[in-house]
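Lettering of chains follows the sequences in order, A, B, ..., and the numbering in each one begins at 1.
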There are 2 protein chains.
Amino acid sequence: MPAPTAKPNARSKLLDAALSMIRAKGYSATTVDELCAAAGVTKGAFFHHFRNKDELGVAAAEHWSEVTGALFAAAPYHDHADPLDRVLGYLAFRKALLQGGVPDFTCLVGTMVQETYETAPAIRDACDRSISTHARTLEADIEAAMRDRAMSPDWTPESLALHIQAVLQGAFILAKAKGGPQVAADSMDHLTRYLTLLFCAGGDTPNPKGD
Amino acid sequence: MPAPTAKPNARSKLLDAALSMIRAKGYSATTVDELCAAAGVTKGAFFHHFRNKDELGVAAAEHWSEVTGALFAAAPYHDHADPLDRVLGYLAFRKALLQGGVPDFTCLVGTMVQETYETAPAIRDACDRSISTHARTLEADIEAAMRDRAMSPDWTPESLALHIQAVLQGAFILAKAKGGPQVAADSMDHLTRYLTLLFCAGGDTPNPKGD
DNA sequence: GATTACATACCAACCAGTCGGTATCTTTAA
DNA sequence: TTAAAGATACCGACTGGTTGGTATGTAATC
């Protein structure tokens, strides 16, 4: 990638179109022809930049990581002094992103991995990288919040960061099923409540199942 | 439906095959031909029982509701005397179901609604019904647990039941991305911890955001 | 002048869905 | 008791449009 900034060339037009089209219709139902039409390029351009459809899927996941990575890196929740406030601010930011139609606020890689995890390992790995890398941006703050409170729980910062991602992904599924963001916002409130309780009311309680 | 028990006729063979095939490959990538081959029936039989592919999708969601509904109705977690123990027992039961390959323990309707929520409203509604009806089986126990503790929180039993479903659905997405159930089990542990904290350590704390 | 970045035309395989036909089960009435 | 009559369940060849992918050509750029 010599040019990090995206000129309106065929490749980036295809990737941008892929983000919205795959989020709306899923990966399998997104056809190369439709994608080219939406991006305003020809099929020749598509197969010039991508060897096949799966390679576009991988590139779309990576493009998604870059776009969302920049969005979250520039978000204001990092400014809080207390690390727990930064984590809670992250969740508030996620909740504030629930705007527009369902395809506008849902997650590309969460959608795509559901269809491809068995049939396209390259896409699954790209989606895993996207989710896991994003989750890792929360780990330092979680760990700092634990240290501030001298907590030594039986869960790891990584597992909590991944749990947060799981709640968000699940909230999107419910929003899709119910046709609106309200149920997702409610779920994010429950998650916020969990973090508040966990760090302020009893984070050292042993694992209720003991395993 | 005069005969509630499933004879090995073409329709139920197709529905059973659909459950596993759609969970593994997704709805769009599941072709009618492949489905018929897996079920051991012909295409003529398919279009005798279903007007089109979408109608199979709806029927598959309903079949899924019946199969899983019977599974959960017969599960032992209902035997606990305390309603909170029944809810926690439900979660332990869900965790115990994380056996076999990823397609074996993931949720059909969560998978299907992601691909169809924009393009096939009938399927989306069927998936919503499946999830919401299942969530509703938890509401009475949640409400009873609240009453036992004289709680008057700013969340409803319905929202908590749906949040539980969101965590489960999200856990399945993470399991698909990571290729195994461990991350899903970890997320279910966090959810169990949330319920424990919520009902035993501070369920009356006000909404941290205040909205 | 050669590599890159597209455009156009084309293809074989595949897709959901159709259709004429057969086997079997149910109803009815002589 | 049985047989005509109709409905249901299923079969499998066929179709027309779509699919991902290719082959080849051309204009711009390095």
NZ/NE/NH1/NH2 to OD/OE distance under 4.0 Å, [X] and [Y]:
X	Y	value
B/Lys95	B/Asp189	yes
A/Glu62	A/Arg129	yes
A/Lys25	A/Glu34	yes
A/Asp125	B/Lys178	no

> Within the structure, does a side-chain N or O atom of B/His48 lie under 4.0 Å from either OP1 or OP2 of D/dC10?
Replying inline: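 No, because none of the side-chain N or O atoms of B/His48 sits under 4.0 Å from OP1 or OP2 of D/dC10.
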>> Nearest to the A/Thr42 side chain among D/dC10, D/dG21, C/dA7, which nucleotide is it?
In response: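 Between D/dC10, D/dG21, C/dA7, the one nearest the side chain of A/Thr42 would be C/dA7.
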Pairs of donor and acceptor atoms involving the side chains of residues 44-59 of chain A, under 3.5 Å and at least two apart or interchain, shall be tabulated with distances.
residue : atom : partner : partner atom : Å
A/Arg51 : NE   : A/Glu55 : OE2          : 3.1
A/Arg51 : NH2  : A/Glu55 : OE2          : 2.9
A/Asn52 : OD1  : A/Asp54 : N            : 3.3
A/Asn52 : OD1  : A/Glu55 : N            : 3.0
A/Lys53 : NZ   : A/Tyr27 : O            : 3.0
A/Lys53 : NZ   : A/Ser28 : O            : 3.3
A/Lys53 : NZ   : A/Thr30 : O            : 2.9
A/Asp54 : OD1  : A/Tyr27 : OH           : 2.6
A/Glu55 : OE1  : A/Arg51 : N            : 2.9

Find the distance [X]:[atom1] to [N]:[atom2] and express it as a whole number of Å.
X	N	atom1	atom2	answer
B/Arg11	D/dT8	CZ	C1'	14 Å
A/Leu14	C/dA7	CG	C1'	14 Å
B/Asn52	C/dA16	CG	P	11 Å
B/Phe46	C/dC15	CZ	C1'	12 Å
B/Phe50	C/dG17	CZ	C1'	15 Å
A/Leu35	D/dG21	CG	P	13 Å

> Given that A/His49 and B/Asp33 both sit by DNA chain C, which one's nearest nucleotide is further toward the 5' end?
Replying inline: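 Its nucleotide being nearer the 5' end, the pick is A/His49.
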> What about A/Lys43: does its side chain form a donor-acceptor pair under 3.5 Å with the base of D/dG21?
Replying inline: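 Such a pair exists between side chain and base.
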> Tell me, which of residues 16-32 of chain B have any heavy atom that sits under 4.0 Å from an atom in DNA chain C?
Replying inline: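 Within residues 16-32 of chain B, the residues near DNA chain C are B/Thr30, B/Thr31, B/Val32.
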Taking the inter-plane angle between the rings of [X] and [Y] on a 0 to 90° scale, is it parallel (under 30°), tilted (30 to 60°) or perpendicular (over 60°)?
X	Y	answer
B/Phe93	B/Phe72	perpendicular
B/Phe172	B/Phe105	tilted
B/Phe199	B/Trp155	perpendicular
B/Tyr90	B/Tyr77	perpendicular

> Hey, what bend do you get for the helix from C/dG1-D/dC30 to C/dA30-D/dT1 if you fit axes on five pairs at each end, rounded to 10°?
Replying inline: 10°
>> Need to verify one output field. Residue with the more 5' nearest nucleotide on DNA chain D, A/Phe47 or A/Glu34?
In response: A/Glu34
